[in-house]
Peer 1: 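My questions will all concern the structure given below.
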Amino acid sequence: MTTSSQMRHRRGTRDRQAHRLKAFIGFVVCFAAIIGIWQLVTTGYDDGGLAPTPAASWQRLIEVLSTALVYNPPNDFGIVFHLLASLQRLAVGFVLAAVAAIPLGLVLGTNRVLHDALDPIIQVLRPVSPLAWLPVGLALLRDSEATAIFVIFMASLWIILINTIDGVYRVNPLYLDLAKTLEATWANRTFKVILPATLPGIVTGLRTALSTAWLVIVAAEMIVGNRGMGTFVWNEWNAMNINSIIVAIVIIGVVGLVLDRSIALLHRLIPTT
Amino acid sequence: MRNQLVSSSKTQAGSIEIANITKGFQRRGGAFHQVLGEISCTVADGEFVTIIGPSGSGKSTLLKIIAGLETPDQGGVYLAGQPVTAPSRRLGVVFQQHVLLPWLTAKQNVLFALEANGTSARTAEERNELAEYWLEQVQLLDAQDLKPGQLSGGMQQRVGIARAFALESDVLLLDEPLGALDALTRHDLQQQLVYLSEHESRTFILVTHSVDEALLLSDRVLVLSAGPAAVIQQELHIPFARPRDRQTLEQSPEYLELRRHLLDALTRGTQEQKMGMQPIADGRK
Ligand SMILES: Nc1ncnc2c1ncn2[C@@H]1O[C@H](COP(=O)(O)OP(=O)(O)OP(=O)(O)O)[C@@H](O)[C@H]1O
Ligand SMILES: [Mg+2]
C-alpha cells in the first residue's frame with residue numbers, strides 16, 4: 001500500500017520534471033529560432049548600425065546596464081532613473097484612479113438608477129484611447145508631468161470602475177438577503193458584505209488597469225516628460241539608436257510582467273467557497 | 001400541548017398570520033407563472049409548523065414572503081398583529097443553501113449577525129459569550145476560528161443554525177436547513193433541532209422534503225399542493241408528547257399512520273402535477 005502510493009508519488013514527480021525539462025528545451029529552441037530569424041532579417045541591412053542586429057543589441061544592453069545609475073541633470077540619466085520616473089507616474093495615476101473608481105463603482109453597483117443614468121457616459125468614454133486625453137490634459141493642466149499622470153488616470157479609471165460595478169453585480173444575492181434579514185446598517189452592508197464579496201472583481205480590474213496603464217505611459221512619455229522609459233525610447237530614436245530601443249522593449253516587457261505578477265498576488269488574499 | 005403552554009405564559013410576540021396571499025412571477029417570454037394560489041394560515045406563538053410539498057411547489061417562495069424578502073401579490077403577513085413589510089431581526093432565517101460569509105470565521109459569522117444592525121443591548125463581551133454559547137450548542141466550539149471553506153457541509157449548516165438562534169428572533173424560518181446533507185449528518189442534526197426547539201420558546205416554521213423530519217419536529221404540518229397555484233391541501237396535527245424521542249416515536253402505530261397519510265398526500269400532489277402537464281424539471285433551481 002504505502003510503497004505503491006510512494007511509487008505513484010515518485011512517478012508523479014518524475015512526470016512533472018520531465019514536463020519541465022521538455023518545456024525548457026522547447027523554450028531554448030524557440031528563443032534560438034527567434035534570434036536566428038532576427039539575425040537573418042537584419043544582416044542584409046548592415047548600414048552603419050541602424051538596423052539592430054542581435055549582437056549589437058546585446059552590446060547596447062550591456063552599455064545601458066553599465067551606465068544605469070548615471071545621474072547628470074538635466075539631460076543625461078541612466079536607465080534606472082528613466083524607469084523610476086515611469087513607475088512613479090504610473091503609481092500616482094493608478095492609485096488616484098483606484099481611489100476614485102472603487103468607491104464610485106460600489107455606489108453605482110448598488111444604486112441602479114444612478115448606474116443607468118451614468119452608464120451611457122461611461123460606455124462612450126471607455127473605448128476612447130487614453131492618449132486622446134493627452135492634448136486635453138495639456139490644455140487644462142498646462143504641465144507635462146501632471147498631464148502624464150492624468151493620462152494614466154484616464155487609462156485606469158474606466159477599467160477599474162467597470163470591473164468594480166461588475167463585481168458588485170456578481171455578489172451572491174443570498175448575501176444581500178442575509179444582510180436584509182439582519183437589518184444590517186448601510187455601513188455594515190457595504191463594508192462587511194458587499195466590499196469583500198466584490199474584491200475578486202476589483203482585483204481583476206486593478207490588474208487589467210495596471211497592464212494597460214503601463215502600455216500607455218510609455219506612449220505618453222514619448223510626447224511629454226523629460227524622463228521616463230518613453231522619453232528614453234524617443235531620445236534614442238532621435239539619435240538613430242535602434243539598438244537601444246530593442247533594449248527598452250525588453251526592459252519594459254520584463255517590468256510589465258513583474259508588475260502584473262505582483263498585483264496578481266492580491267487574488268490569494270481573498271477567501272472563496 | 002407545548003405551544004399552548006408557551007403561549008399562555010408569554011405575549012403573542014411570535015404569532016404569525018398569513019392572510020390570503022398569492023404570488024406569481026413573470027416568466028421570460030411574458031407568460032405569468034402563478035406560484036402560490038391563495039394561502040391563509042395562522043401560526044401560534046411558540047408553535048412549530050412544518051411546510052412540506054413537492055419540489056418547485058413554492059415553499060421557499062412562501063417562506064421568503066413570511067420573511068419579508070418577497071412581497072406577495074395579494075394579501076399580507078402579520079407578525080404579532082403587525083404587517084410584515086420588510087425583513088426584520090424578529091424573523092430569523094436559515095437559508096436553503098447555507099449563507100455564510102466566506103471571509104469571516106464561524107464565530108465572526110455569528111457575531112456579524114449580532115452586530116449587523118449597529119445597535120445592540122449587549123456589550124462586546126456578552127455578544128462574544130452568546131456567540132460561543134450557540135456554537136457550543138451545535139458542537140462547533142472547536143471550529144469557531146475556521147473559515148466556512150474549511151468546514152464540511154454539515155458544519156457550515158450548523159453555523160447557519162447557530163447564527164439564526166443567536167439572533168434571538170421571535171420566529172425562526174428554516175428553509176430545508178438539512179436538505180443538502182448526507183443521511184447520517186442529517187439524522188444527527190434533526191436530533192439537535194428537536195432538542196433546541198424544545199428548549200427555546202420561539203415560533204418555528206420549517207420547510208422540508210422529509211416526512212420523518214416533519215413528524216419528529218412539528219406540532220402541525222401543512223402540505224402544499226404541487227404548483228402552479230399551490231395551496232395548502234392538508235393540515236395535520238402531530239400530537240406526540242414532548243420531549244420527543246425518535247425511537248419511541250417511530251415505534252408507535254400512530255406515527256406509521258400519520259406517515260402513511262402524509263406520504264399519500266404528497267404523492268397525490270405530484271400525480272396531479274403530472275396530469276397538469278407540468279414538466280418534471282420545472283421549478284428546479
Ligand atoms: N425570483 C423568481 N423569479 C421567477 N420565478 C421564481 C422566482 N422564485 C421562484 N420562482 C418560481 O417559483 C416556483 C417555486 O419556487 P420555490 O423555490 O418556492 O420552490 P420550492 O417549493 O422551494 O422548491 P424546492 O423544494 O425545490 O426548494 C418555481 O417554479 C420557480 O421557478
Ligand atoms: Mg425551496
Side-chain angles (χ1 to χ4, degrees), chain A residues 98 101-103 105-107 109-113 116 160 163-207 263-273, chain B residues 60 63-71 84-106 108-120 146-153 155-156 159-160 163-164 166-169 171-175 285:
Chain A
I102 294 172
L106 288 175
V107 170
T110 45
N111 188 326
R112 257 254 126 80
V113 177
D116 291 353
I160 303 175
N163 277 282
T164 305
I165 293 172
D166 195 54
V168 176
Y169 284 167
R170 279 168 201 266
V171 173
N172 184 344
L174 289 170
Y175 294 167
L176 303 179
D177 279 354
L178 175 74
K180 279 189 212 154
T181 62
L182 296 176
E183 294 184 48
T185 58
W186 178 86
N188 277 335
R189 195 174 100 93
T190 306
F191 296 114
K192 297 204 172 156
V193 180
I194 295 175
L195 182 61
T198 307
L199 277 181
I202 294 176
V203 172
T204 305
L206 291 177
R207 196 174 166 185
I263 204 154
L265 290 180
L266 286 178
H267 272 298
R268 295 218 190 131
L269 302 178
I270 308 160
T272 45
T273 36
Chain B
S60 297
L63 213 66
K64 274 189 178 170
I65 292 174
I66 301 173
L69 286 166
E70 294 266 12
T71 29
V84 176
T85 50
S88 126
R89 291 173 72 84
R90 297 177 59 197
L91 296 157
V93 183
V94 178
F95 294 90
Q96 185 162 3
Q97 299 98 320
H98 86 86
V99 187
L100 300 178
L101 302 176
W103 46 89
L104 299 180
T105 64
Q108 286 167 340
N109 264 288
V110 179
L111 282 173
F112 177 68
L114 296 175
E115 293 160 356
N117 64 337
T119 54
S120 177
L146 297 183
K147 300 254 169 77
Q150 300 165 300
L151 300 173
S152 73
M155 291 161 98
Q156 292 173 350
V159 177
R163 176 175 63 190
L167 200 57
E168 302 191 305
S169 53
V171 180
L172 265 177
L173 306 169
L174 307 125
D175 191 355
K285 280 183 223 158

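Convention: sequence-line order gives letters A, B, ...; per-chain numbering from 1.
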Peer 1: Spell out, as yes or no, whether a donor-acceptor pair under 3.5 Å connects the side chain of B:Arg90 to the backbone of B:Ser169.
Peer 2: no
Peer 1: Just by distance, do the side chain of B:Arg163 and the backbone of B:Val99 share a donor-acceptor pair under 3.5 Å?
Peer 2: yes
Peer 1: Identify, with sequence neighbours excluded, every residue that meets salt bridge (Lys or Arg N to Asp or Glu O under 4.0 Å) alongside A:Glu183.
Peer 2: none
Peer 1: I'd like to verify something: which residue of B:Gly92, B:Gly68, B:Ala113, B:Gly118 has the highest number of heavy-atom pairs under 4.5 Å with chain A?
Peer 2: B:Ala113
Peer 1: Might you point out which heavy atoms bring A:Gly105 and A:Val168 nearest each other, and give the distance in Å?
Peer 2: O-CG2, 4.2 Å
Peer 1: Checking A:Arg207 now: which residues fulfil salt bridge (Lys or Arg N to Asp or Glu O under 4.0 Å) with it, not counting sequence neighbours?
Peer 2: A:Asp260
Peer 1: Applying side chain to side chain donor-acceptor pair (under 3.5 Å), can you list everything that pairs with B:Ser88, at least two apart in sequence or on another chain?
Peer 2: none
Peer 1: Taking atom types as modelled, find out whether A:Thr204 and A:Asn163 have a side-chain donor-acceptor pair closer than 3.5 angstrom.
Peer 2: no
Peer 1: Using a cut-off of under 4.5 Å for heavy-atom pairs, which of B:Asn117, B:Leu91, B:Leu114, B:Val93 has the most such pairs with chain A?
Peer 2: B:Asn117
Peer 1: So which residues of residues 186-193 of chain A are in contact with chain B at a heavy-atom cut-off of under 4.5 Å?
Peer 2: A:Asn188, A:Lys192, A:Val193
